[in-house]
Amino acid sequence: MLDPRLFRADPDFIRKQLSRRSFDFNSRYYAELEARRKDIQVKTQDLQNERNKRSKLIGQAKAKGEDIQPLLDQVQHMANQLKEAEMELSEIQAKMTGLMEGIPNILDGSVPDGKNEEANIEISRWGESPAFDFEAKDHVDLGARNKRMDFELGAKIAGARFIVLNGALARLQRALIQLMLDTHVSEHGYSETYVPFLVNADSLRGTGQLPKFEADLFKANEDPALYLIPTAEVPVTNMVRDVIIDAKDLPLKLVCHSPCFRSEAGAYGRDMRGMIRQHQFEKVELVQIVRPEESGRAHEELTEHAEVILKKLKLPYRKMLLCAGDTGFSSSKTYDLEVWLPGQGAYREISSCSNFKDFQARRLQARWRNPETGKPELVHTLNGSGLAAGRTLIAVMENYQDAQGQIHIPEALISYMGGIEVIE
RNA sequence: GGAGAGGUGGCUGAGCGGCCGAAAGCGGCGGUCUUGAAAACCGUUGAGGGUUGAUCCCCUCCCAGGGUUCGAAUCCCUGCCUCUCCGCCA
């Protein structure tokens with residue numbers, strides 16, 4: 001959510017900023033609501049004040065043993081008037097909250113213009129794509145051997161976009177997760193955390209998935225509403241919801257491995273081959289809660305932490321700065337890391353690292369006590385995949401294949417694989 | 001799943017339906033004292049919002065949502081959460 005004070009101070013600035021995302025902000029409608037809100041709020045508070053005063057008088061009169069009937073008569077009719085005003089106020093407040101919750105974050109000044117991923121900017125490129133003297137297979141063909149990667153079985157048990165991994169491939173995915181967690185904990189200073197994989201609506205509203213993107217989620221329960229997490233970002237970031245954090249506890253750096261569940265509504269027919277786009281996948285997520293002035297630097301740092309994993313695995317990748325049209329709803333600035341997939345002959349997203357600034361924090365009421373002002377102020381939140389394990393598995397398979405279709409285990413993983421060096 | 005107890009400020013913990021945003025203690029902050037620290041003493045110390053140039057002032061918040069009442073932390077209903085006992089379990 002954006003700062004309501006900014007709306008009042010400079011609605012035109014907001015309209016202009018949001019138009020970069022092709023988001024049409026109706027500043028006239030907003031101003032209308034705001035004017036009415038002000039009016040009704042003042043009226044309501046006046047009535048409340050009046051009621052409080054008179055009620056106190058009744059109390060005092062009663063204590064002195066005076067006749068309170070005349071006073072009661074005066075107040076009687078106020079009740080309805082007040083109730084009406086209160087209802088009107090809460091109605092308009094709900095309307096405004098609804099409007100505000102549907103407005104995306106303002107983009108960082110460094111985010112380039114552009115409508116879609118074609119306008120994203122390549123920041124850097126790392127590693128050499130492997131030079132095969134044979135035709136590179138994709139992970140589907142590579143995984144078919146011994147049914148280590150079984151799409152039919154996944155479909156039978158659950159449906160399309162589900163997969164079963166067997167034997168060495170299942171272990172390889174686990175090894176990747178271990179490597180990631182260990183690296184972020186021991187080398188990058190994150191503390192590991194384990195969280196619920198089902199979350200309530202408040203949590204999803206806090207990080208921005210609700211109310212606008214309910215269709216992307218799997219709802220697991222009605223009353224109370226529970227949803228499968230689309231990313232560990234949701235439970236982990238919500239750890240600081242409604243919390244005033246001690247300045248000495250910042251920055252908070254958390255790493256969490258979790259399964260992620262996405263309905264992929266609106267992705268019908270896209271990436272149907274292989275395990276690029278699944279309803280369920282494993283991911284290691286990095287989350288940072290920082291002082292506002294730190295978030296720019298933290299964003300660079302967090303992205304580098306994700307890059308370290310790719311470097312350890314010697315997987316070629318490039319770092320992209322997303323353009324205005326491709327940057328997510330809650331994010332102010334996002335870097336995507338795209339790994340090279342020889343089987344597809346393309347770079348594909350394997351990590352997305354975002355700075356949300358105070359957008360999530362305002363929804364979450366996640367604050368810290370600024371020692372300089374002594375007041376609670378909003379923190380900044382960031383997160384990024386470090387990395388998506390399923391897609392990393394694919395990348396390892398495709399980049400480390402040989403002419404026979406065997407997978408060679410990257411050096412960094414051999415100890416996690418119990419010494420196995422090749423998946424035959 | 002069954003039975004009971006309870007949810008109050010950073011924490012502990014009081015609170016006859018009216019003068020309670022809330023006693024007291026602890027903690028925090030500021031000060032006195034001290035070479036410094038501790039102790040002691042004095043003062044101060046919740047959040048959000050409205051209005052204002054800024055104060056003043058006003059409103060809301062004692063788990064959440066409804067209700068009763070002129071007036072609710074206090075009474076009633078519903079929900080959520082926590083604790084204890086029994087059952088069942090990983």
Q: Starting at atom CD1 of A/Ile40, determine the distance to atom P of B/U51, rounded to an integer number of angstrom.
A: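 Rounded to whole Å, this separation is 13 Å.
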Q: B/C19 C1' sits how many Å from A/Gln60 CD, rounded?
A: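 Rounded to whole Å, this separation is 7 Å.
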Q: Taking any strand in view, what nucleotide pairs with B/U84 in a Watson-Crick or G-U wobble way, both distances under 3.5 Å?
A: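 Looking at the geometry, B/U84 pairs with B/A3.
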Q: Base, sugar-phosphate, or nothing: which does A/Arg367 touch, judged by heavy atoms less than 4.0 Å apart?
A: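 Since only primed, P, OP1 and OP2 atoms lie under 4.0 Å of A/Arg367, the category is sugar-phosphate.
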Q: Name the nucleic acid region contacted by A/Arg362, choosing base, sugar-phosphate or nothing; use a 4.0 angstrom heavy-atom cut-off, strictly under.
A: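 Touches nothing.
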Q: Under 3.5 Å, is there a donor-acceptor pair between the side chain of A/Arg363 and the main chain of A/Arg205?
A: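 Present.
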Q: Whole angstroms only, please: what is the CG-P distance between A/Asn370 and B/C29?
A: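 So the CG-P distance, A/Asn370 to B/C29, works out to 16 Å.
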Q: Pairs under 3.5 angstrom only: tabulate donor-acceptor contacts from the side chains of residues 178-185 of chain A to other protein residues two or more places apart or in another chain.
A:
from     : atom 1 : to       : atom 2 : distance (Å)
A/Asp182 : OD2    : A/Tyr416 : OH     : 2.6
A/Thr183 : OG1    : A/Leu179 : O      : 2.7
A/Thr183 : OG1    : A/Lys312 : NZ     : 3.2
A/His184 : ND1    : A/His188 : ND1    : 3.1
A/His184 : NE2    : A/Gly386 : O      : 2.8

Q: What is the per-nucleotide protein-contact pattern of nucleotides 57-81 of chain B, from the 5' end, where B denotes a base atom under 4.0 Å from a protein heavy atom, S denotes such proximity for sugar-phosphate atoms only, and - denotes neither?
A: -BBS---------BS----------
Q: Return the nucleotide paired to B/U12: Watson-Crick means purine N1 to pyrimidine N3 with N6-O4 or O6-N4, wobble means G-U with N1-O2 and O6-N3, both under 3.5 Å.
A: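 B/A24 - that is the nucleotide pairing with B/U12, both distances being under 3.5 Å.
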Q: For B/C61, what is the paired nucleotide under Watson-Crick or G-U wobble rules, both distances under 3.5 Å?
A: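 Paired with B/C61, as far as the under-3.5 Å criterion goes, is B/G46.
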Q: Grab the CG-P distance between A/Asp246 and B/G28 for me, whole Å please.
A: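 To the nearest whole Å, that distance equals 12 Å.
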Q: What residues, two or more places apart in sequence or in another chain, satisfy ring-ring contact (aromatic ring centres under 6.0 Å, His included) together with A/Phe329?
A: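 If we apply the ring-ring contact (aromatic ring centres under 6.0 Å, His included) test to A/Phe329, skipping adjacent residues, the hits are A/Phe213, A/Phe359.
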Q: Rounded to the nearest angstrom, tell me the gap between atom NZ in A/Lys375 and atom C1' in B/U45.
A: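 Whole-Å distance recorded here is 11 Å.
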Q: Is the distance between the ring centroids of A/His279 and A/Phe162 under 6.0 Å?
A: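 Yes: the rings meet the under 6.0 Å criterion.
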